[in-house]
2 protein chains.
Amino acid sequence: MAISWGADLAQRGIAPDCVQTIELVRDVLARVGDKWTLLTITALASGPLRFTALHQQVAGISQRMLGQTLRALTRDGLVTRTAYPEMPPRVEYALTPLGHSLGQAVEGLVGWVRGHQGDILRHRHDFDRAGPDASG
Amino acid sequence: MAISWGADLAQRGIAPDCVQTIELVRDVLARVGDKWTLLTITALASGPLRFTALHQQVAGISQRMLGQTLRALTRDGLVTRTAYPEMPPRVEYALTPLGHSLGQAVEGLVGWVRGHQGDILRHRHDFDRAGPDASG
DNA sequence: CTGGATCCTATACGATACTG
DNA sequence: CAGTATCGTATAGGATCCAG
């Protein structure tokens, strides 16, 4: 894998720069892995959407989480927020090039899961079946 | 992106099969994105390790979380757990081929973050600076 | 040494209500 | 329409103690 994350990097006197990268990677991964970010990004992948449209597209998300997710995404420069001074208000969210590229990067992982879901499911099944019995 | 996750898939009568994939993807992504899984996988990438060795390698992790993470990884068939009936007990954890391949899939994402961390950090900075002031 | 059981805190998230 | 504030619940995760 050639990646030396080691939480112990910091202790070994590795450049803080590198440690920061590690934390950022984990941070981004955690964000992508959360319950709504990915859905939101993919919803925006096909084009800009308004708050309400997103709320429907990413069905199941609460206003609170949508707002929060959007805010985090915007903060990281993954999406843009454009408010039109009209009445009633209109706000459009759109993926930035950066956001699109993240989406593509994620696709690799998605592809992996798709390709190995059978394995994973099978392992889980075996594990769950053996677990309760296997005492050693 | 060409991925139609849509939480609304289920409502539209999309095959449950596909919906299951979506949930599995999210599940795996969430696992990879959690605080310790990635560190643990990368720690094991260079070879099998015992519990205590892992505990040191992934410095900062608690026994509880290490055990929990290892268990989840084992359940998904990403790592193997080999217990030697000795005294004192010795248990070795090793990445399976599946685990290694996941690590590689993740590398793409890691590469993306590395390549774009400057952008992200800059955006965050701008956002945080503008946020408190910008009232619109 | 391995790692589960227990307790506690911080956070994620949902539901609801309220503001511009 | 577009959000924010508040509240309540569920879970993540750390510290510690205990058992095989």
Side-chain angles (χ1 to χ4, degrees), chain A residues 7 23 26-40 43-44 48-75 79-94 127 131-136, chain B residues 7 23 26-40 43-44 48-75 79-94 127 130-132 134-136:
Chain A
E23 287 177 6
R26 217 157 65 171
D27 185 78
V28 172
L29 245 20
R31 182 157 309 297
V32 171
D34 82 2
K35 201 172 177 183
W36 300 112
T37 298
L38 219 42
L39 276 336
T40 304
L44 286 173
L49 287 174
R50 298 177 57 174
F51 190 89
T52 303
L54 265 170
H55 195 196
Q56 291 165 355
Q57 182 85 13
V58 187
I61 194 173
S62 62
Q63 285 190 335
R64 175 177 150 78
M65 289 318 293
L66 181 55
Q68 204 167 295
T69 302
L70 250 14
R71 192 178 171 80
L73 254 20
T74 303
R75 185 168 108 99
V79 317
T80 55
R81 177 188 184 278
T82 311
Y84 297 90
E86 303 171 356
M87 198 49 193
R90 182 164 62 98
V91 179
E92 271 195 357
Y93 291 92
F127 187 91
D133 298 349
S135 41
Chain B
E23 285 176 10
R26 218 156 67 171
D27 185 79
V28 173
L29 245 20
R31 181 157 310 297
V32 170
D34 82 2
K35 201 172 179 183
W36 300 112
T37 298
L38 220 41
L39 278 334
T40 305
L44 286 173
L49 288 174
R50 299 179 56 176
F51 190 88
T52 304
L54 265 170
H55 195 196
Q56 291 163 356
Q57 181 86 12
V58 187
I61 194 172
S62 61
Q63 286 189 336
R64 174 178 150 77
M65 289 318 293
L66 180 56
Q68 203 166 298
T69 301
L70 249 15
R71 191 178 173 77
L73 254 21
T74 302
R75 183 168 109 99
V79 318
T80 55
R81 176 186 185 280
T82 311
Y84 298 89
E86 304 171 358
M87 201 45 195
R90 181 164 62 95
V91 179
E92 269 193 357
Y93 290 93
F127 187 92
S135 40

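All figures in this text were calculated on a predicted structure; none of them were measured in a lab. First the proteins, then the strands, lettered A, B, ... as listed; each starts at 1.
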Specify the separation, in whole Å, of atom CZ of Arg90(A) and atom C1' of dG20(C). 18 Å

Atom NE2 of His55(B) to atom C1' of dT16(D): distance rounded to whole Å? 13 Å

Decide yes or no on side chain to side chain contact (heavy atoms under 4.5 Å, CB included) for Leu29(B) and Leu38(A), but give the supporting numbers first. CA-CA 9 Å; Leu29(B) 245 20; Leu38(A) 219 42; 2.9 Å; yes

Could you check Gln68(B) against Arg71(B) for side chain to side chain contact (heavy atoms under 4.5 Å, CB included), going step by step and ending with a plain yes or no? CA-CA 5 Å; Gln68(B) 203 166 298; Arg71(B) 191 178 173 77; 5.7 Å; no

Should Leu70(A) and Leu54(A) count as side-chain neighbours, where that means a heavy-atom distance under 4.5 Å? yes

Atom pair distance, as rounded to whole Å: CD1 in Ile61(A) and C1' in dA15(C): 14 Å

Whole angstrom is fine here: how far is it from CG in Asp34(B) over to P in dG14(D)? 10 Å

Checking side chain to side chain contact (heavy atoms under 4.5 Å, CB included) for the pair Leu73(A)/Thr40(A): CA distance, chi angles, key distance, verdict? CA-CA 9 Å; Leu73(A) 254 20; Thr40(A) 304; 4.1 Å; yes

Contacts under 3.5 angstrom, residues 83-93 of chain A side chains, donor-acceptor by atom type, not counting sequence neighbours:
{"residue": "Glu86(A)", "atom": "OE1", "partner": "Arg90(A)", "partner atom": "NE", "Å": "3.3"}
{"residue": "Glu86(A)", "atom": "OE2", "partner": "Arg90(A)", "partner atom": "NH2", "Å": "3.1"}
{"residue": "Tyr93(A)", "atom": "OH", "partner": "Arg81(A)", "partner atom": "NE", "Å": "3.4"}

Does Val79(A) reach the side chain of Leu44(A), with side-chain heavy atoms less than 4.5 Å apart? yes

Nearest-Å distance, CG (Leu66(A)) to P (dC13(C))? 13 Å

Nucleotide N/O of nucleotides 3-6 of chain C paired with protein N/O under 3.5 Å:
{"residue": "dG3(C)", "atom": "OP1", "partner": "Arg81(B)", "partner atom": "NE", "Å": "2.8"}
{"residue": "dG3(C)", "atom": "OP1", "partner": "Arg81(B)", "partner atom": "NH2", "Å": "2.2"}
{"residue": "dG3(C)", "atom": "OP1", "partner": "Tyr93(B)", "partner atom": "OH", "Å": "3.2"}
{"residue": "dG3(C)", "atom": "OP2", "partner": "Tyr93(B)", "partner atom": "OH", "Å": "2.7"}
{"residue": "dG3(C)", "atom": "N7", "partner": "Gln63(B)", "partner atom": "OE1", "Å": "3.3"}

Between Met87(A) and Ser62(A), which has a closest nucleotide on DNA chain C that is more 5'? Ser62(A)

Can you check the Lys35(A) NZ to dA12(D) C1' distance for me, whole Å? 14 Å

How long is the line joining CH2 of Trp36(A) and P of dC13(C), in whole Å? 9 Å

